[in-house]
Amino acid sequence: MTDIKSMTIEQLTSYMETMGEKPYRARQLYEWMHIRLAESFSDMTNLPKSLRERLAEECEYTLLKTEREQISKEDGTRKYLFSLADGQMIESVFMPYHHGNSVCISSQAGCRMGCRFCASAIGGLVRNLTAAEMLEQIYRISAATGERVSNIVVMGTGEPLDNYDNLLRFIRLITDENGLHISQRNITVSTCGLVDRIRMLATQKLQITLALSLHAVTDEKRRQIMPIAKRYQIAELMEAMTYYASVTGRRVTFEYSLISGVNDTDEDAAGLAALAKGPGAHVNLIPVNPVTETAFLPPDRHKADIFKNKLEKYGTNVTIRRRLGADIDAACGQLRRKVNRLQGSIQPRV
Ligand code: SAH
């Protein structure tokens, strides 16, 4: 089956040609899929019925099914649990901000990076998401909220650079002027630090923001919480991030999940400030979200502020990320995990 929603307009145009159709049909189809967010071929009323029927036979029309929508009473954050055609569940988050709405999307069903504090790592990787499945998270949220989405963060479940080709295709499609036309500058991709892929991505010269999940400032400590640190050392990572910043002209971001008693000492702050200085990075501090299956806890607010103040004294550009949607399992794969757990615990009746 042809994955029609992952096609660029050029690919769609040649596909229409092979079907003996006029090129303008490709534009019409593209508009139905990527602007009008049609739910099926039968919605596409300005296409001849015969064409719609052929498309339905030959193509897979990716459409996510909304299994749950949870709206935070505290801050308006909305969390979505979607099911895919094969029954896999993924989650996405809608975050309303004064400067525009953000959507956080997943890039894989599960993840194989194994970070110790992360709920998405627990069940391992199931599979990569297609470009269409990444787009659809934004499309269904736009349709459900009726709101314009202006910012995208690829920070949901999965390691985006472990699904590199589909990620690039997704970025091309979501920024396409024939589609939602989101600015590259409004897209952030977060990675646990796959050095080779960071360098590959740099050569694409995109204007997206690259965020590195650092979380520790020595290789030894990083290896304890992030298995990927066994493959790449912090020094190589910093070189790759500096390379990315110099080739693209974009300032990079470091994500640092504050974990009480693990990475929140004065030495950690000093080390972090020194690392961030190299590529001139912005540091995002995120008090770790407790995950049921793990023992990691965030420092209290006061300690987190002290850590932040230390960084500022060193001249680091730093913010503590607001915790959005904490009342709706909005953090880091926790809803998907909870639902899988509940489903797993339902015994078939005999
Ligand atoms: N795999 C990518 C993107 C997905 S994770 C990456 O590692 O960056 C998005 C961010 O959430 C990462 O910075 C990740 O380390 C962080 N994260 C995962 N679990 C968390 C938790 N329980 N509390 C706080 N941050 C967490």
Side-chain angles (χ1 to χ4, degrees), residues 79 90-93 95 102-126 128-129 134 137 152-164 166-167 170 187-195 197-198 201 208-217 221-229 231-232 237 240-241 244 252-260 262-264 272 281-299 304 307 319-326 329-338:
K79 176 104 180 185
I90 56 169
E91 54 184 88
S92 326
V93 187
M95 295 164 282
S102 266
V103 169
C104 172
I105 64 159
S106 295
S107 56
Q108 297 179 312
C111 183
R112 58 179 176 147
M113 296 300 136
C115 299
R116 303 265 183 265
F117 45 83
C118 179
S120 297
I122 296 168
L125 176 67
V126 182
N128 282 330
L129 299 190
M134 290 186 243
Q137 298 172 55
I152 295 167
V153 292
V154 189
M155 280 195 191
T157 298
E159 168 49 47
L161 299 189
D162 189 35
N163 186 12
Y164 185 83
N166 291 340
L167 174 78
F170 159 74
I187 300 176
T188 298
V189 170
S190 178
T191 177
C192 65
L194 306 182
V195 168
R197 297 284 167 83
I198 291 172
L201 186 65
I208 61 172
T209 301
L210 185 62
L212 171 69
S213 299
L214 191 57
H215 304 327
V217 296
K221 203 176 270 188
R222 198 163 188 265
R223 281 194 290 266
Q224 286 167 11
I225 51 175
M226 299 177 74
I228 192 66
R231 183 143 34 118
Y232 302 109
L237 261 180
M241 293 304 280
Y244 184 91
V252 295
T253 299
F254 292 158
E255 309 278 327
Y256 196 89
S257 292
L258 279 171
I259 310 175
S260 180
V262 174
N263 64 3
D264 60 348
L272 182 53
H282 183 94
V283 173
N284 259 331
L285 298 176
I286 317 146
V288 76
N289 277 293
V291 171
T292 318
E293 289 88 342
T294 71
F296 297 110
L297 292 173
F307 194 89
T319 39
I320 298 188
R321 183 98 61 78
R322 267 198 304 153
R323 273 189 81 197
L324 291 175
D329 297 307
C332 315
Q334 304 210 49
L335 180 60
R336 170 177 178 268
R337 183 90 201 117
K338 190 160 151 188

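All ligand and atom numbering here is 1-based and tracks the order in the structure.
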S.K.: Does Val288 approach ligand 1 within less than 4.0 angstrom via side chain, backbone, both or neither, non-hydrogen atoms only?
M.R.: both
S.K.: Taking 4.0 Å as the limit for heavy-atom contacts, which would you say applies to Thr157 with ligand 1: side chain only, backbone only, both, or neither?
M.R.: neither
S.K.: State, yes or no, whether a side-chain contact exists between Leu129 and Ser107 at a heavy-atom distance under 4.5 Å.
M.R.: no
S.K.: Numbering the atoms of ligand 1 from 1, which are under 4.0 Å from a heavy atom of Gly156?
M.R.: 4 (C)
S.K.: List every atom of ligand 1 that sits less than 4.0 Å from any heavy atom of Cys118, numbering the atoms from 1 in the order shown and giving each element.
M.R.: 18 (C), 19 (N)
S.K.: Pick from Arg222, Arg112, Arg116: which one makes a side chain to side chain contact (heavy atoms under 4.5 Å, CB included) with Pro227?
M.R.: Arg116
S.K.: Mind checking whether Gly158 has a heavy atom under 4.0 Å from ligand 1?
M.R.: yes
S.K.: Check each atom of ligand 1 against the heavy atoms of Val291 and keep those under 4.0 Å away; list them by number with element.
M.R.: 22 (N)
S.K.: For Ser190 and ligand 1, does the shortest N/O to N/O distance drop below 3.5 Å?
M.R.: yes
S.K.: State, with a plain yes or no, whether a side-chain heavy atom of Leu258 is found less than 4.5 Å away from one of Ile320.
M.R.: no
S.K.: Is there a donor-acceptor pair closer than 3.5 Å between any side-chain N or O of Ser106 and the backbone N or O of Glu91?
M.R.: yes
S.K.: May I ask you to list the atoms of ligand 1 that are less than 4.0 angstrom from any heavy atom of Cys192?
M.R.: 6 (C), 7 (O), 8 (O)
S.K.: What residues, two or more places apart in sequence or in another chain, satisfy side-chain contact (heavy atoms from CB on, under 4.5 Å) together with Val217?
M.R.: Tyr256, Asp268, Leu272, Leu275
S.K.: Could you pull out all residues at least two apart from Phe254 that satisfy ring pair (Phe, Tyr, Trp, His ring centres under 6.0 Å)?
M.R.: none
S.K.: Which is it for Glu159 and ligand 1 at heavy atoms under 4.0 Å: side chain, backbone, both or neither?
M.R.: both
S.K.: Apply the side chain to side chain contact (heavy atoms under 4.5 Å, CB included) test between Tyr164 and each candidate in Asn128, Leu201, Leu194; give the one that qualifies.
M.R.: Leu201
S.K.: Quick one about Glu159 and Thr191 (side-chain donor to acceptor, distance below 3.5 Å, no hydrogens or angles considered), yes or no?
M.R.: yes
S.K.: Looking at ligand 1, is there an atom of it that comes within less than 4.0 Å of some heavy atom belonging to Ser257?
M.R.: yes
S.K.: Where does His215 meet ligand 1, judged by heavy-atom distances below 4.0 Å: at the side chain, the backbone, both, or neither?
M.R.: side chain
